[in-house]
Amino acid sequence: MNPITELIMPDVVLTCLQTDKFKTGCLSVGLLTPLNRETASKNALIPMVLTRGTASLPDMAAINTKLDALYGARIRPVVRKKGEIQVIGLVSDFADEAFIPEGSALLEQVAALTGEMLLMPRTYGGLMPREYVESEREKLLELIRGRINDKRAYSLQRLFELMCAPEAYATDKLGSENEAESITPLELTRYYRRLLAVSPIRIFYCGSAAPARVKTALLSALAPLPRSGETPDLGTDIRMNALEETVRRFTDEMRVAQGKLAIGFRLGDCMEAPNTAALRVFNAVFGGSANSKLFTNVREKLSLCYFVSSMIDLHKGVMAVSSGIEFDKYDAALTEIFAQLEAVRRGDFTDQELAAAKSSVAGDYRLTEDSPGALEDFYLNQALIGPECPPSELAALTEEITADEVVTIAKGVVCDAVYFLRGQKEDA
Amino acid sequence: MRTETYKNVGETLITETLSNGLTINIVPKPGFLKSYAMFTANYGGADRRFKLAGQWLDTPAGVAHFLEHKMFDMPDGNALNILSARGASPNAFTSSGLTAYHFACTSLFEENLRTLLSFVSTPYFTPESVQKEQGIIGQEIRMVEDDPGYALYYNLLKCLYRNNPVRDSVAGTVESISEITSETLYHCHEVFYRPANMTLSVIGSVDPDRVTALARELLPAGPGEVPERDYGEAEGAFPHKESLDVNMAVSAPQFLFGTKLEPAEKGEARLRQRLTGELALRLLFGASSPLYNSLYAGGLLNGSFDYELDYTAGTATLIAGGVSRNVGGVMDALHKEIVRIGEAGLDKALFENVRRAYFGSKLRMLGSFSSLAQALAEGVFSGCRPLGAFEEIAAVSLAETERFIRESFAPEKLALSVVSPPER
């Protein structure tokens with residue numbers, strides 16, 4: 001399955017993957033914008049407000065009734081953080097035309113509605129309606145405050161906020177309460193108009209329609225899109241080293257039963273010319289798979305935890321290890337996790353461990369081809385950081401990775417910060 | 001081997017029941033690299049008291065889940081490691097009514113299926129490995145103690161049900177799992193992991209004859225006695241308790257309300273009840289519903305809002321919930337809406353439109369191998385054909401759905417669970 005990629009308007013790139021194997025098609029439109037603490041919340045808020053009402057469908061009931069009539073199509077607001085780029089927009093999925101009783105032009109209708117939501121929001125005196133902006137702002141604030149509800153995700157977010165404090169990466173994809181609280185309809189509308197004009201746009205389609213038909217549908221849906229010709233400076237700063245000489249340690253206290261440990265690393269020199277497949281294999285050997293050093297030792301041998309895993313962000317060149325442990329197992333877990341990284345650095349892993357890691361990574365790449373959602377994310381990542389090949393080719397490249405490559409990556413990895421979310425003193 | 005074709009959704013279902021009682025469902029998926037298998041036991045966290053050879057036996061809370069963790073151990077290694085090492089993605093889950101072991105892979109399907117069938121039918125436990133697992137599961141239990149969604153859900157079930165063990169955590173407690181020994185595990189495996197009490201679902205580009213041949217080769221020849229279970233005294237139509245409200249470290253109050261149904265008889269009646277119930281939920285709480293839109297526009301919902309109908313361990317429960325700073329306001333609006341529908345009936349155009357959307361959302365389920373495999377397994381244990389839903393949806397009537405809403409959502413039938421931030 002090879003996609004067709006085409007520039008269909010200035011700075012608007014359409015990637016089409018034609019296949020009839022899925023029951024539902026997927027269409028996503030994403031605006032690329034720099035991540036920073038001054039604008040992150042505004043960016044996150046815009047797609048939420050856009051789903052409230054359009055020029056012809058003035059409220060959510062009207063939009064959702066229309067979506068029901070389109071056989072339960074969904075068009076959802078999405079905000080993602082890809083390194084120091086924020087990607088915001090609308091992602092839709094809808095029944096493939098082969099399976100709906102009457103067989104209608106669903107693609108054109110979904111594309112048109114997506115375009116209308118993106119470009120022709122309901123306005124009042126030229127501004128986004130106060131009622132919509134304020135109620136969605138409250139929901140955004142709730143989402144921001146609600147980050148504490150999932151303690152594992154929260155510990156990882158706090159880790160990067162603290163570890164990368166002087167970098168744009170510290171900013172969460174939803175921004176902050178401070179920024180969100182002060183957003184007004186006037187400010188948001190002005191900001192939105194400018195964002196539309198200057199942001200590069202990435203569109204992804206996966207489904208049974210031919211690329212020419214998809215292009216026609218989108219050119220019509222996006223006809224009113226303003227293009228300023230300016231391009232914002234988009235990119236991610238990659239630090240190779242820790243911020244300070246000694247590892248920084250941070251602790252938060254909360255009313256929790258289990259502690260959450262999050263350890264942050266810089267991937268180091270390998271990020272000069274990152275080899276995606278090798279980095280993923282390294283991660284699978286260390287902590288990213290069921291045969292990994294961390295899972296085998298920290299969980300299975302020492303029973304210190306139920307979950308322990310490592311994850312890498314290739315956009316930023318960072319890695320995190322996350323685990324849920326008893327408060328008093330902090331030192332034991334930390335010692336064991338670092339010991340396992342040392343083991344990988346020494347090349348202390350068997351051929352079987354390496355083969356298992358490679359199979360796991362290659363299997364994940366191949367599975368990507370069977371999920372429209374995974375393909376959408378894969379090709380967005382590819383557009384931002386490469387490499388320029390389909391998942392199946394990356395799977396084949398993975399099989400070639402050697403133990404030396406894994407050891408070299410491991411040797412360059414530098415621990416930068418340790419974060420621990422623990423219970424309040426009186427509970428401990 | 002029986003083959004059914006569902007032309008309207010482009011699917012074929014191949015079914016075989018072996019002489020040992022095991023039902024195998026296969027859905028071929030040409031064009032996909034992925035193959036998926038799920039081997040499911042009709043045994044979950046609620047199956048704690050059962051009758052075997054005329055005798056009633058009690059087991060500690062958490063055995064089904066503990067067994068799920070320990071089944072991966074084999075005399076020659078760990079099945080999770082073996083499958084992962086081949087590039088497959090194996091996993092397992094335990095609910096109140098089921099234990100399911102599954103994997104997805106893009107190569108070596110037959111070897112992987114062989115491993116799946118072997119490890120699930122080969123009990124291998126030692127006192128040391130059981131003791132070690134108590135530490136790991138202990139941490140899993142601690143982890144969910146911090147999960148507000150978990151507290152919300154079990155507190156609602158504790159309100160709705162007085163006796164049924166669905167009200168207790170599937171994983172048990174740190175205390176209850178300390179009573180589990182390797183003997184408990186051997187015994188419960190022998191009782192519940194019998195072919196007649198299990199089913200295999202396979203989705204993907206596979207050879208159906210090889211799948212059934214492997215199952216014949218690797219699984220016991222006899223069906224074994226399927227134990228009778230006891231879920232406690234019959235529950236009445238009304239909740240045991242109206243509401244529960246607890247404090248946790250959350251940002252805003254989260255709520256979940258629910259009502260219990262008398263589950264329809266196994267078979268086509270069950271499928272019809274499920275479809276009617278899910279349609280009713282969508283009509284009442286879906287994105288295009290009047291209630292949802294008025295709650296949203298009125299600022300009464302401060303985040304996501306979800307709903308579902310769940311059948312498990314002799315129960316059927318309708319639940320819905322989300323985030324609100326005014327849970328009382330949400331419940332008042334719900335009561336008024338039920339009264340309004342009772343008096344004015346459902347809007348016909350809305351009904352038709354929502355039914356069409358429901359069809360589309362069911363279609364989405366077919367794209368998910370894991371959802372489809374699970375639906376097929378539940379279909380085997382409840383005697384219905386989930387792929388028949390696409391025809392059946394058209395048959396559900398407006399009057400039937402109205403009656404369902406009036407009867408199920410009467411105010412005195414509702415229970416409410418709330419998790420609020422601690423008072424400052």
Side-chain angles (χ1 to χ4, degrees), chain A residues 19-24 59-61 64-65 67-73 93-95 98-101 135 138-139 142-143 145-152 254-258 289-291 296 299-300 303-307 324-326 352 355-356 359-360 362-364 366-367 369-370 372, chain B residues 8-10 29-34 78 80-81 83-90 104-107 132-137 139-140 142-143 145-148 248-252 254 286-288 290 293 296-297 299 302-303 323 350 353-354 356-361 363-364 366-367 369 422:
Chain A
T19 170
D20 55 11
K21 74 183 201 185
F22 300 122
K23 300 286 176 214
T24 47
D59 58 24
M60 240 173 52
N64 289 326
T65 301
L67 288 168
D68 275 2
L70 300 176
Y71 293 91
D93 64 338
F94 46 96
F99 308 109
I100 49 178
S135 98
E138 285 313 302
K139 288 191 180 78
E142 203 58 67
L143 286 173
R145 295 185 195 117
R147 291 182 295 210
I148 62 162
N149 299 348
D150 178 341
K151 308 294 183 276
R152 183 180 190 181
M254 206 188 273
R255 223 176 80 166
V256 291
Q258 186 187 58
S289 70
N291 285 294
T296 310
R299 172 176 146 138
E300 296 291 311
S303 304
L304 281 171
C305 59
Y306 168 66
F307 72 84
I325 54 172
E326 291 291 333
Q352 286 87 340
S359 300
S360 155
D364 284 348
R366 293 196 181 97
L367 286 176
E369 303 220 344
D370 284 347
Chain B
N8 54 342
V9 289
K29 289 273 187 179
F32 281 79
L33 297 169
K34 171 166 72 173
N78 181 290
L80 192 75
N81 296 115
L83 289 163
S84 303
R86 290 192 202 123
S89 308
C105 69
T106 53
S107 61
K132 207 186 60 186
E133 205 66 24
Q134 274 156 351
I136 295 172
I137 296 177
Q139 283 311 310
E140 187 178 3
R142 301 288 273 167
M143 176 181 78
E145 281 174 19
D146 287 333
D147 179 352
M248 285 178 79
V250 293
S251 56
Q254 304 186 13
S288 61
N293 280 286
Y296 199 100
N302 304 99
V323 178
L350 177 74
N353 212 32
V354 165
R356 184 189 267 209
Y358 179 50
F359 180 92
S361 72
L363 198 59
R364 209 168 268 132
L366 294 178
F369 286 24

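Below, chain A is the first sequence line, B the second, and so on; all start at residue 1.
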Contacting region of Arg364(B) [heavy-atom separation from chain A under 4.5 Å]: both
Non-hydrogen atoms of chain B under 4.5 Å away: do they reach the side chain of Ile148(A), the backbone, both or neither? both
Compare every heavy atom of Lys151(A) with every heavy atom of Ala249(B), then report the nearest pair and how far apart it is. O-NZ, 3.0 Å
Side chain from CB out, backbone as N, CA, C, O: work out which of these in Gln254(B) comes under 4.5 Å of a heavy atom of chain A, or both, or neither. side chain
Max heavy-atom pairs within cutoff under 4.5 Å with chain B, candidates Cys305(A), Ala95(A), Gly324(A), goes to Cys305(A)
Go through Gly363(A), Ser360(A), Ser303(A) and name the one with the most non-hydrogen pairs under 4.5 angstrom from chain B. Ser303(A)
Using a cut-off of under 4.5 Å on heavy-atom pairs, state which of Met143(B), Glu133(B), Gln139(B) scores highest against chain A. Gln139(B)
Rounded to the nearest 0.5 Å, what's the gap from CG on Asn81(B) to OG on Ser289(A)? Could you check? 8.5 Å
Let me know if Leu67(A) has heavy atoms under 4.5 Å from chain B in its side chain, its backbone, both or neither. neither
Counting heavy-atom pairs under 4.5 Å with chain A, which one of Ile137(B), Val9(B), Val323(B), Asn8(B) comes out on top? Val9(B)
When every non-hydrogen atom of Tyr306(A) is compared with those of Ile136(B), the smallest separation belongs to CB-O, 3.7 Å
Is it the side chain or the backbone of Glu326(A) that comes within 4.5 Å of chain B heavy atoms, both, or neither? both
Nearest heavy atoms of Ser84(B) and Ser359(A), plus distance in Å: O-CB, 4.3 Å
d(Leu363(B) CG, Tyr71(A) OH) to nearest 0.5 Å is 11.0 Å
Shortest non-hydrogen pair, Ala257(A) vs Glu145(B), comes out as CB-OE1, 3.4 Å
May I ask you to name which of Arg145(A), Lys139(A), Glu138(A) has the most heavy-atom pairs under 4.5 Å with chain B? Lys139(A)
Looking only at Pro290(B), Ser89(B), Gly360(B), Ala287(B), the option with the highest number of non-hydrogen pairs under 4.5 Å against chain A is Ala287(B)
Any chance you could measure Thr106(B), atom OG1, to Glu369(A), atom CD, to the nearest 0.5 Å? 9.5 Å
Sidechain-backbone polar pair: Ser361(B) side chain, Gly72(A) backbone, donor-acceptor under 3.5 Å: no
Expected output: side-chain Asp146(B) to main-chain Gln258(A) donor-acceptor under 3.5 Å: yes
Any donor-acceptor N/O pair, Asn149(A) side chain to Ser251(B) backbone, under 3.5 Å: yes
One should read off an interatomic distance between Arg299(A) CZ and Lys132(B) NZ, to the nearest 0.5 angstrom, of 9.0 Å
Quick check for you: among Ala61(A), Ala98(A), Ala355(A), which has the greatest number of heavy-atom pairs under 4.5 Å with chain B? Ala61(A)
Could you grab the distance from atom CG of Asp68(A) to atom CG of Leu350(B), nearest 0.5 Å is fine? 7.5 Å
At a 4.5 Å cut-off on heavy atoms, which part of Asp20(A) comes close to chain B: side chain, backbone, both, or neither? neither
Rounded distance [0.5 Å steps], NZ in Lys21(A) versus CG in Leu33(B): 5.0 Å
Contact class of Tyr296(B) relative to chain A, heavy atoms under 4.5 angstrom: both
